[in-house]
Amino acid sequence: MALTLIFIIFTIFLSPTKAENIKLFREYIGAEFTNVKFSDLPINPNLQFDFILSFAIDYTNSTSSPTPTNGKFNVFWDTINLSPTQVSSIKNKHPNVRVGLSLGGDSVSNNPAYFQPKSINSWVSNAVSSLTHIIEHFKLDGIDIDYEHFKGDPDTFAECIGQLISILKRKGLVKYASIAPFDDQDVQIHYQTLWKKYGHVIDYVNFQFYAYDNSTTIPQFIDYFEQQRKNYKGGKILTSFISDGSKGLAPGKGFFSACEMLKKRQQLFGIFVWCADESKNLGFRYEKQSQNLLASL
Ligand SMILES: *[C@@H]1O[C@H](CO)[C@@H](O)[C@H](O)[C@H]1NC(C)=O
Ligand SMILES: *[C@@H]1O[C@H](CO)[C@@H](O)[C@H](O)[C@H]1NC(C)=O
């Protein structure tokens with residue numbers, strides 16, 4: 001009896017990070033204006049499929065010279081092909097589809113898109129109100145954080161983003177949140193500070209494995225994965241590739257073998273792709289292969 005109780009307590013409290021594969025496929029869409037639509041993509045019904053609209057940015061949406069707006073977000077994705085109507089339509093057609101939005105991104109009008117808050121309180125307040133409007137208008141389900149350039153210290157970033165996610169979740173506006181770091185010193189310091197303080201409100205880590213060099217081998221890829229499991233302890237770290245395979249471990253060069261190895265270890269928490277805009281002309285071949293692998297878990 002006592003032993004059973006100890007066992008139960010052990011099971012409940014000591015194994016919350018129990019490793020398990022997850023049938024989750026995610027793809028960024030809309031940043032490059034190649035007329036890609038949700039309905040262009042293959043969608044396997046036997047997995048969780050997330051579209052991530054790219055991007056909402058806290059800059060003015062003037063095309064000539066966008067300037068920072070301290071948390072007042074505007075939509076910068078292709079709203080002609082990825083409109084609220086099209087969001088509703090793809091979700092009605094495929095019950096396993098969720099649609100979220102990503103904040104930040106690398107650039108705005110060919111300049112770096114900076115995280116540049118005036119203060120924590122003003123940024124959070126502006127972000128909550130502008131994003132509430134966008135999320136309700138497009139009927140979105142989740143949020144992804146993809147700032148890549150910073151004019152704010154790591155603690156400020158952690159507070160702004162952590163508070164934003166917490167508030168959006170508490171208000172029921174988003175059901176899940178992810179972050180999209182990559183292996184750059186400044187980027188890692190910002191996201192790891194966020195993770196230490198607010199990891200409990202972050203559901204997935206979309207780690208940009210395609211930011212590594214394209215000489216990456218399978219053992220190196222596994223090693224990078226292990227490093228990120230230490231950096232984002234307890235996090236569900238997804239593997240990833242870039243459409244044309246020009247960076248990181250390409251799908252044609254061992255990416256899927258690496259995923260198979262992680263699958264055997266019960267550590268394949270999902271796969272994501274940058275990006276649908278570029279895969280469109282390539283026929284979504286590797287998206288299909290990714291989804292077949294995940295659906296077979
Ligand atoms: C710019 O953003 C404002 C406020 O969100 C919006 O009303 C306006 O339609 C947007 N303009 C363009 C060109 O996207
Ligand atoms: C690998 O990356 C280099 C630059 O980092 C690039 O010149 C080259 O084209 C890439 N190779 C492939 C196969 O995409």
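We count residues from 1, following the sequence as given. Numbering of ligands and ligand atoms starts at 1, following listing order.
- Between D155 and K196 there is no salt bridge, since no side-chain nitrogen of the basic residue lies less than 4.0 Å from a carboxylate oxygen of the acidic one.
- Distance check on atom 2 (O) of ligand 2: some protein heavy atom falls below the 4.0 Å cut-off.
- For atom 14 (O) of ligand 2, the nearest protein heavy atom (residue, atom name, distance) is S246 CA, 3.4 Å.
- Ionic pairing of D50 and R26 is present here: one or more N-O contacts between side-chain nitrogen and carboxylate oxygen are shorter than 4.0 angstrom.
- Atom 9 (O) of ligand 2 is not flagged as protein-proximal [any protein heavy atom, distance under 4.0 Å].
- For atom 11 (N) of ligand 2, the nearest protein heavy atom (residue, atom name, distance) is N214 ND2, 2.8 Å.
- Not a single donor-acceptor pair under 3.5 Å links the side chain of N92 to the backbone N or O of S89.
- Using cut-offs of 30° and 60° on the angle between ring planes, the pair F150 and Y191 is perpendicular.
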